[in-house]
Amino acid sequence: MDVVVGEDGLARPAWADGRGAHGELLRSYYDTEWGMPVRDERGLFERLSLEAFQSGLSWATILAKREAFRAAFAGFDPDVVATYGEGEVARLMQDAGIVRNRAKIEATIRNAGATISLRDEGGLPQLIWSYRPDRTPTPRTMADVPTTSDESRALARELKRRGFAFVGPTTAFALMEAVGMVDTHLLDSHRRGSSGLWRADGMPVEDGPRE
């Protein structure tokens, strides 16, 4: 088993046990936010953007820079970010508080426009949550946690068709984990089933909202 029991008596995966660089930040994120439902447009745009920036990097790096990202991208307001031009890109490329990757910065701006375009067809939340699976994984160890799924591959394809960038199947699955669409908390973790959408055995809570 890959859970670690902390001094507070709670079991968590090793990455969230509070030790090492950014340990407390990761543990707080794990205990209070990761895997909890996010259904609003701005919240989903933020998490989609951060997951894209995380590609090839550690999540701790992104989480430590989160407030800087929020400042740089106007609190992840799609209407503002979509207006960013070359001047804003140049400014962001000089911002040491964020990940200075031109392709990812330009993708975030593009994705803001794509988010706005979805509003006449139900919006980003409806699109993303329509790919919630019928059941969720039941991992006992970190080796049991998948990095993609049929749903994440389908979601990535649809997002790309809608004009989004940096949204491959792995990024899409990480987004699904982060916003509660799947529950990949280890079975022995104190957070297993905490979203209110999934039972510990991987089946959906019957009276929970589907979309």
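All values reported here derive from a predicted model rather than from experimental measurement.
There is no path of hydrophobic side-chain contacts, each under 4.5 Å, that joins V4 to L187. In this structure, F53 is a member of the same hydrophobic cluster as M93, with clusters built from ILVMFWY side-chain heavy atoms closer than 4.5 Å. In the hydrophobic cluster analysis, where Ile, Leu, Val, Met, Phe, Trp and Tyr join through side-chain heavy atoms closer than 4.5 angstrom, Y131 is grouped apart from M36. There is a path of hydrophobic side-chain contacts, each under 4.5 Å, that joins F73 to V80. W15 and L57 fall within the same hydrophobic cluster, where Ile, Leu, Val, Met, Phe, Trp and Tyr residues are linked whenever their side-chain heavy atoms come under 4.5 Å apart, directly or through other members.
R199 has its side chain out of reach of P204: every pair of non-hydrogen atoms, C-beta onward, lies at least 4.5 Å apart. L50 has its side chain within reach of F69: a pair of non-hydrogen atoms, C-beta onward, lies under 4.5 Å apart. Looking only at side-chain heavy atoms (C-beta outward), E121 and R162 come within less than 4.5 Å of each other. Counting only heavy atoms from C-beta outward, the side chains of I109 and T83 never approach each other to under 4.5 Å. Using a 4.5 Å heavy-atom threshold, the side chains of P13 and D2 count as separate. The closest side-chain heavy-atom distance from H22 to L63 is not below 4.5 Å.
In this structure, D17 CG and E7 CD are separated by 10.5 Å, a value rounded to the nearest 0.5 Å. Here T136 contributes atom OG1 and D183 contributes atom CG; the two are 5.0 Å apart, rounded to the nearest 0.5 Å.
Heavy-atom neighbours of R19 CZ from other residues, nucleotides or ligands within 6.0 Å: at or below the threshold of 12. Within a 6.0 Å radius of CD in E86, other residues, nucleotides and ligands contribute more than 12 heavy atoms.
Among residues at least two apart or in separate chains, side chain to side chain donor-acceptor pair (under 3.5 Å) pairs with a member in residues 26-38 are R12-D31, E24-R27, Y30-H185, Y30-S189, D31-H190, E33-R47, E33-R66. Pairs passing the side chain to side chain donor-acceptor pair (under 3.5 Å) check and including a residue from residues 103-118, sequence neighbours excluded, read R102-E106. Residue pairs meeting the ring-ring contact (aromatic ring centres under 6.0 Å, His included) criterion with at least one partner in residues 152-181, sequence neighbours excluded, are absent.
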E51/T171 under side chain to side chain donor-acceptor pair (under 3.5 Å): CA gap, chis, key distance, verdict: CA-CA 6 Å; E51 294 293 349; T171 295; over 6 Å; no
Assess the residue pair L186 and D188 against the criterion (side chain to side chain contact (heavy atoms under 4.5 Å, CB included)); give the C-alpha distance rounded to whole Å, side-chain angles, the decisive distance to 0.1 Å, and a yes or no. CA-CA 5 Å; L186 301 183; D188 293 317; 5.6 Å; no
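Judged purely by atom type and a 3.5 angstrom limit, R157 has no side-chain atom pairing as donor or acceptor with the backbone of S152. In this structure, R192 contributes its side chain and A200 its backbone to a donor-acceptor pair below 3.5 Å.
In this structure, R91 satisfies the cation-pi test against Y84, with its NZ or CZ atom closer than 6.0 Å to the six-membered ring centre and inside 45 degrees of the ring normal. Annotation: cation-pi geometry satisfied between R132 and W198 (NZ/CZ under 6.0 angstrom from ring centroid, within 45° of ring axis).
For G180 against L197, the heavy-atom pair with the smallest separation is O-CD1, 3.8 Å. For the residue pair P137 and P146, the shortest heavy atom distance occurs at CG-CG, 3.9 Å.
The salt bridge (Lys or Arg N to Asp or Glu O under 4.0 Å) check on D40 picks up nothing, with sequence neighbours excluded. Shown here are the salt bridge (Lys or Arg N to Asp or Glu O under 4.0 Å) partners of D144, two or more places apart in sequence or in another chain: there are none. Take R70 and apply the salt bridge (Lys or Arg N to Asp or Glu O under 4.0 Å) test, not counting sequence neighbours, and it matches E46, E67.
Comment: R42 engages D77 in a salt bridge, judged by a side-chain N to carboxylate O separation of less than 4.0 angstrom.
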